[in-house]
There are 2 protein chains.
Amino acid sequence: MTRTRSAPTLDDVAQLAGVSTATVSRCLNAPDRVVEGTRKKVLAAVDELGYTPNFGARAMAAKRTFTIGAIIPTMDNAIFARGIQAFQEALFERGYTLLVASSSYDPQVEADQIRSLVARGADGLFLIGYERDPAVYDYLAQQSVPVLISWAFDAQQNVPTVGFDNRKGMRAIAEAIIGLGHRRIAVVSGMLDGNDRTTERVEGIREALSAHGIDPDTVPVLQTPYEIDNGTEAFKSLMTSATPPTAVICGNDVLAVGALLGAQDLGLTVPADVSITGFDDIELARIVTPALTTVHVPHRDMGRKAAEALIEMVETKAPVASVEIPITLKMRGSLAPPKE
Amino acid sequence: MTRTRSAPTLDDVAQLAGVSTATVSRCLNAPDRVVEGTRKKVLAAVDELGYTPNFGARAMAAKRTFTIGAIIPTMDNAIFARGIQAFQEALFERGYTLLVASSSYDPQVEADQIRSLVARGADGLFLIGYERDPAVYDYLAQQSVPVLISWAFDAQQNVPTVGFDNRKGMRAIAEAIIGLGHRRIAVVSGMLDGNDRTTERVEGIREALSAHGIDPDTVPVLQTPYEIDNGTEAFKSLMTSATPPTAVICGNDVLAVGALLGAQDLGLTVPADVSITGFDDIELARIVTPALTTVHVPHRDMGRKAAEALIEMVETKAPVASVEIPITLKMRGSLAPPKE
């Protein structure tokens, strides 16, 4: 580990195999265009020297690196875990390697990571949500790197997408809550700034409220980063206010689980004293007591379909039609009619 | 997105800026060695053309890419999530980008991903556990790519490590179970083959059993991949056997949560009817009812310390001393003395 790096070069391989560097390059990039005897000699030399083909040169010759880059906001909290794992498994089956970076929900970090992945020759990029500096999209178009959006779906956007409609999903859950008779409703949302998914979810709630004659501006919306403890804290502040809500709509399951723990701390019974809902249907949602009413996102299915779509874009150099992944309301024990 | 890729080259930048390609290269890799006027001209040309420095050329000039590669067995199930997120945040603070690949617990996939990350110029690699083909370690030594191991600690191994002792952790939990009077014990383990962490955990249990006069070979050990549903299934098969155990030691929290759900299905009360324990202390462990007795791994602390150690290896080109991360038994509601 301490010796100086002195990686073998294409020249070293050519010399050991007794062929030209062009032949070595052809062996590595188009082996079917080289006679078998030569190919074997070259591959033996590659093995003996432990030669790692220079990435840039190989990419130029093959026009593809079989590497896909994904940037997700966080690796923590399992929000993106299942979908990304399925995405990577589907890519792997097709011979592609996935490299994942995590931006910590910071647009500037994401922009740097996009440039880094493109510089490392990513054949295509998988990004979460639409909202980012237009300069980033311009850069990707200029570099002709296909990009696929996920975890969001908006028919108005013209970037290819395999994702779900956050607004529609949250509107459905809000309709269910209002339908059960709740009128004193509060929202614990993720941070809205720079996050089109959270923003759409809150819009969905506002639409449902308006449709049922409740002024959305009377409904408190607390914003907090997606962490269990933040959900607990926000829930407690709502429930200890002068007019506590009978139902708390949480921006995702992580916040909703935090809210459930907050109810335990306050000695409140869910759903008898207060209803709590989530979004995503990650595993947390079904293992808590009571299990969470939430919006079910078919993460594995979405990840696999996204992989197919992005590979098609990479291989055909053409955009694909966007796909809306259907999401469904999952009614479980954490939601019931209000007491009064 | 459909136009042909025609990325601007170093030559294009040099031509537009009216300088030599060597000057452009120097501007990008050692800007303090170029006078300001020239630097500004070059950077303006870089911006105007949307030039992305060729990765190979830049890496050669800078001798470093400020990219770290990590390969984890899975992105699903949150087992590695919190530690990797902390690892990436600490790297980011020091100016490094983290690229993560997931091997699906397949050694061959991991070996391919290691070569892929090295070919893309990773300055250092972060790998989980020690156990892999010696040829992989030879390759990394030959390439002079520093590698740091985590999620394991074994003073006998000579690869630098920032991790915890799986055997010691599981021995502690088994000692606690035996100390409460349990004698009919069973184990639901992750898959043992090719996974030194699971193997060490089972060894820790066997040590504790032997130390208390229980023949380890009389204790059933079921192996199953780390998925909640697998934990449920394995637990049910143990509890419906002729001599059901009074305590089930699970290889990690994911399996233990599955076992808890299995107990619910069977109408068993935990811990009155049967005790269940986990390992990791991920968030799942504290949000289930009853909360899990488990081994607490300080994932965030481990991730940050690992980042510091790997950066030191990359920057000094020397190995670092291994660090054992202390782990502690977390007693919660899922463990109690046996009924009889």
Side-chain angles (χ1 to χ4, degrees), chain A residues 1-7 50 52-58 67 69 74-78 80-82 84-85 88-89 92 97-102 104 109 112-113 115-121 138-147 228 257 260-261 283-284 287-289 313 317-319, chain B residues 1-7 50 52-58 67 69 74-78 80-82 84-85 88-89 92 97-102 104 109 112-113 115-121 138-147 228 257 260-261 283-284 287-289 313 317-319:
Chain A
M1 222 75 63
T2 49
R3 64 177 128 140
T4 313
R5 188 188 297 217
S6 60
T52 304
N54 173 272
F55 171 62
R58 197 175 52 171
T67 300
T74 179
M75 300 203 186
D76 206 350
N77 280 323
F80 300 99
R82 179 139 292 189
I84 284 289
Q85 180 66 23
Q88 104 102 49
E89 287 166 13
F92 178 75
T97 295
L98 176 67
L99 296 178
V100 181
S102 154
S104 303
V109 172
D112 289 350
Q113 289 169 334
R115 282 181 179 264
S116 173
L117 283 163
V118 170
R120 273 156 194 74
D138 290 347
Y139 168 76
L140 289 169
Q142 191 184 47
Q143 298 288 323
S144 300
V145 175
V147 57
I228 289 181
V257 166
L260 275 182
L261 297 178
E283 277 175 333
L284 291 181
I287 67 167
V288 288
T289 310
M313 288 169 75
K317 292 276 170 205
Chain B
M1 222 73 66
T2 49
R3 64 175 129 140
T4 313
R5 188 187 295 216
S6 59
T52 304
N54 172 273
F55 170 63
R58 196 174 53 172
T67 301
T74 178
M75 301 203 187
D76 205 350
N77 280 323
F80 300 99
R82 179 140 292 189
I84 283 288
Q85 180 66 23
Q88 105 102 51
E89 287 168 13
F92 178 75
T97 295
L98 176 67
L99 296 179
V100 181
S102 155
S104 303
V109 173
D112 289 349
Q113 289 170 332
R115 283 180 179 264
S116 174
L117 283 163
V118 170
R120 272 156 193 74
D138 290 347
Y139 167 77
L140 289 169
Q142 191 185 46
Q143 298 288 323
S144 299
V145 174
V147 57
I228 289 182
V257 166
L260 275 182
L261 297 179
E283 276 174 336
L284 291 181
I287 66 166
V288 287
T289 310
M313 288 170 75
K317 291 276 167 203

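Below, all heavy atoms of this structure are taken into account, side chains as well, without hydrogens, waters or symmetry copies. Below, chains carry the letters A, B, ... as their sequence lines are ordered, and counting in each starts from 1.
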Which region of A:Phe92, side chain (C-beta onward) or backbone (N, CA, C, O), has a non-hydrogen atom less than 4.5 Å from a non-hydrogen atom of chain B, or is it both or neither?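 A:Phe92 touches chain B through side-chain heavy atoms alone.
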
Which residues satisfy the side chain to side chain donor-acceptor pair (under 3.5 Å) test with B:Thr97, sequence neighbours excluded?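 With sequence neighbours excluded, B:Thr97 shows a side chain to side chain donor-acceptor pair (under 3.5 Å) to no residue whatsoever.
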
Of all residues at least two apart in sequence or in a different chain, which pass the side chain to side chain donor-acceptor pair (under 3.5 Å) check with B:Thr289?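 Per chain and number, B:Thr289 pairs via side chain to side chain donor-acceptor pair (under 3.5 Å) with no residue.
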
Checking side chain to side chain contact (heavy atoms under 4.5 Å, CB included) for the pair A:Leu284/B:Ile287: CA distance, chi angles, key distance, verdict? CA-CA 8 Å; A:Leu284 291 181; B:Ile287 66 166; 3.2 Å; yes

B:Ser116, part contacting chain A, at a heavy-atom distance under 4.5 Å: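 For B:Ser116, the side chain is the part near chain A, not the backbone.
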
Going through the checks in order, is the side chain to side chain contact (heavy atoms under 4.5 Å, CB included) test met by A:Leu117 and B:Leu99? CA-CA 9 Å; A:Leu117 283 163; B:Leu99 296 179; 3.6 Å; yes

Distance (rounded to the nearest 0.5 Å) between A:Thr67 OG1 and B:Gln113 CD: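 The CD atom of B:Gln113 is 10.5 Å from OG1 of A:Thr67, to the nearest 0.5 Å.
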
Just how far is it from atom CD of B:Glu89 to atom CE of A:Met75, taken to the nearest 0.5 Å?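 Going from the CD atom of B:Glu89 to the CE atom of A:Met75 covers 10.5 Å.
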
Relative to chain B, which of A:Leu260, A:Asp112, A:Val109, A:Ile84 shows the most heavy atom pairs under 4.5 Å?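 Looking at each option in turn, the highest pair count goes to A:Val109.
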
For B:Ser102, does its backbone N or O pair with a side-chain atom of A:Gln88 as donor and acceptor, under 3.5 Å?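 Answer holds: yes.
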
